[in-house]
Asker: 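The structure is given below, and queries will be raised subsequently.
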Protein chains: 2
Amino acid sequence: MSHLGYPCLMALDRDHVLRSAAALLTRKSTATMDEVARAAGISRATLHRHFAGRDALVRALEALGIEECEAALDAARLDEGPATDAVHRLVREIEPAAGLLAFLYTENQLFEGEEQNQGWTRIDDRVAGLFRRGQRSGEFRIDLTPAWLTEALYGLLASAAWAVSEGRVARKDFTHMIVELLLGGALRREES
Amino acid sequence: MSHLGYPCLMALDRDHVLRSAAALLTRKSTATMDEVARAAGISRATLHRHFAGRDALVRALEALGIEECEAALDAARLDEGPATDAVHRLVREIEPAAGLLAFLYTENQLFEGEEQNQGWTRIDDRVAGLFRRGQRSGEFRIDLTPAWLTEALYGLLASAAWAVSEGRVARKDFTHMIVELLLGGALRREES
DNA sequence: CCCAGGTGAGACATGAATGTCTCACCTGGG
DNA sequence: CCCAGGTGAGACATTCATGTCTCACCTGGG
């Protein structure tokens with residue numbers, strides 16, 4: 001049966017393994033294949049049947065991260081309405097993937113290679129485009145470049161994900177904290 | 001001579017090795033002891049004469065990072081004047097150490113151990129105290145906790161250091177970008 | 001019942017990084 | 001000149017994660 005294509009359970013298992021690995025590696029980026037396997041409730045042998053090796057696993061996680069990121073970008077409808085609201089929607093949509101993104105963000109070996117997954121470039125462009133749109137519409141200040149605002153958003157997402165998993169801040173405040181700091185800043189203001 | 005204490009050149013060499021290692025590991029956190037040695041212009045044997053092993057090297061880097069951080073905190077005189085200005089001074093003073101801090105920030109194995117260097121706790125407290133002072137004085141908004149503002153500052157420092165080393169943003173804008181985003185946010189405003 | 005396919009457990013080899021050691025060099029001070 | 005101390009080069013053993021393999025199990029469908 002299986003030689004007619006991957007079994008129906010395979011995809012579910014694979015996804016489950018991927019989620020477990022993401023959750024574990026987010027906390028302990030140096031976890032061994034054995035730890036990853038046990039975290040997913042399977043044996044190391046079975047883990048190797050799903051992913052050829054650690055490299056393949058990380059690549060699969062990268063693909064998953066890109067996929068969830070682009071799904072969040074789609075769901076946030078970046079082109080609609082005020083850029084401010086679009087940023088808010090984006091952060092809200094991306095929150096579930098923030099842990100995985102934080103892991104991939106620190107896995108800089110992914111980017112030092114000659115061929116980095118161009119999915120990240122696509123994502124960068126879309127996010128930077130959102131900030132550029134906000135600048136053109138007069139919503140965002142123009143002395144901070146879209147590239148920096150994009151990097152800053154990534155950094156805040158990673159910081160918040162890390163802080164939440166450490167219990168230093170409440171998970172329910174995730175979106176509010178990031179959006180308010182990124183857009184509003186820490187200064188108190190009189191107006192509105 | 002050397003048995004009377006460490007030779008005078010030892011400290012300089014050790015510091016030079018530490019700086020080189022910090023610069024290299026900031027770019028490539030998985031660099032081997034051999035790469036670290038060659039980056040410092042010494043042999044692996046000599047590197048092992050300075051630091052018992054990779055673990056000792058990372059610990060020394062951690063101590064260096066804490067030291068530079070506290071030196072920056074001292075130089076920024078966090079208790080003087082408006083908190084806004086103190087934040088500005090802090091970022092300016094901490095900029096040279098940002099690369100090293102970014103490396104240590106991702107080296108989360110340092111924190112998962114039972115005994116984390118309490119230097120970080122001291123630093124956290126001082127930074128959070130600065131934000132708390134700004135809130136009490138009415139300069140900073142109170143709906144963002146000092147703990148989150150502290151984490152956000154770390155995240156922005158790491159993001160900026162990484163973006164600068166990747167050439168995505170200009171090094172000369174480092175302090176301005178961080179301070180303006182952290183305090184002012186991305187929104188354009190009419191008033192001053 | 002029987003068996004094909006997936007699984008877990010574990011043995012085994014491999015490779016890489018590490019830590020330790022020896023030895024020759026060379027350099028500067030006595 | 002001589003030599004003590006630091007150094008570089010390299011051999012060597014060790015450790016650990018990884019990748020591959022075999023084998024027994026057991027489970028569900030024919």
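In what follows, every chain begins at residue 1, and chains take the letters A, B, ... in the order their sequences are listed.
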Asker: Between D/dA17 atom P and A/Leu57 atom CG, what is the distance in whole Å?
Answerer: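 One finds 16 Å between P of D/dA17 and CG of A/Leu57, rounded.
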Asker: Side-chain polar contacts of residues 124-132 of chain A - donor-acceptor pairs under 3.5 angstrom, sequence neighbours left out - could you list them?
Answerer:
{"unit_1": "A/Asp124", "atom_1": "OD1", "unit_2": "A/Tyr154", "atom_2": "OH", "d": "2.5"}
{"unit_1": "A/Arg126", "atom_1": "NH1", "unit_2": "A/Asp74", "atom_2": "OD1", "d": "3.3"}
{"unit_1": "A/Arg126", "atom_1": "NH2", "unit_2": "A/Asp74", "atom_2": "OD1", "d": "2.8"}

Asker: Measure from CZ on A/Arg38 to P on C/dG8 and round the result to the nearest Å.
Answerer: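 Nearest whole value for this atom pair: 13 Å.
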Asker: Could you state the atom-to-atom distance from CZ of A/Arg14 to P of C/dG6 in whole Å?
Answerer: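 Distance check: A/Arg14 CZ to C/dG6 P gives 16 Å.
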Asker: When you check the phosphate oxygens OP1 and OP2 of D/dG8, does a side-chain N or O of B/Thr46 lie under 4.0 Å from one of them?
Answerer: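 Affirmative; the distance criterion is met.
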Asker: Check whether A/Glu107 reaches the backbone of A/Ser29 with its side chain - one donor and one acceptor, N or O, closer than 3.5 Å.
Answerer: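 No; zero donor-acceptor contacts below 3.5 Å.
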Asker: Above 12 or not: heavy atoms from other molecules or residues under 6.0 Å from CZ of B/Arg188?
Answerer: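 Atom CZ in B/Arg188 is not crowded, with 12 or fewer foreign heavy atoms closer than 6.0 Å.
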Asker: More than 12 non-hydrogen atoms from neighbouring residues, nucleotides or ligands closer than 6.0 Å to CZ on A/Arg171, yes or no?
Answerer: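 Count not over threshold, so no.
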Asker: Within the side chain of A/His88, is there an N or O that forms a donor-acceptor pair under 3.5 Å with the backbone of A/Thr84?
Answerer: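 No, A/His88 side chain to A/Thr84 backbone: no donor-acceptor pair under 3.5 Å.
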Asker: Could you run through nucleotides 9-25 of chain C and give me one letter per nucleotide, 5' to 3': B if any protein heavy atom sits under 4.0 Å from the base, S if only the sugar-phosphate is that close, - if neither?
Answerer: B-B-----SBBB-----
Asker: Is the side chain of B/Thr26 donor-acceptor paired with the backbone N or O of B/Gly99 at a distance under 3.5 Å, no angle test?
Answerer: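 Side chain of B/Thr26 to backbone of B/Gly99: a pair is present.
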Asker: Over how many whole Å does the gap from A/Leu47 atom CG to D/dT18 atom P extend?
Answerer: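 After rounding, the gap between these two atoms is 10 Å.
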Asker: Would you say A/Glu151 and B/Ser159 are linked by a side-chain donor-acceptor pair, where the criterion is simply a distance under 3.5 Å?
Answerer: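 No, A/Glu151 and B/Ser159 have no side-chain donor paired with an acceptor closer than 3.5 Å.
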Asker: Mind checking whether A/Leu78 and A/Arg133 have side chains closer than 4.5 Å, heavy atoms only?
Answerer: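 The answer is no; the side chains never approach within 4.5 Å.
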Asker: Give the dot-bracket string for DNA chain D, reading 5' to 3', where a pair is Watson-Crick or G-U wobble with both distances under 3.5 Å, ( ) marks pairs inside the strand, [ ] marks pairs crossing earlier ones, | marks a partner on another strand, and . marks unpaired.
Answerer: ||||||||||||||||||||||||||||||
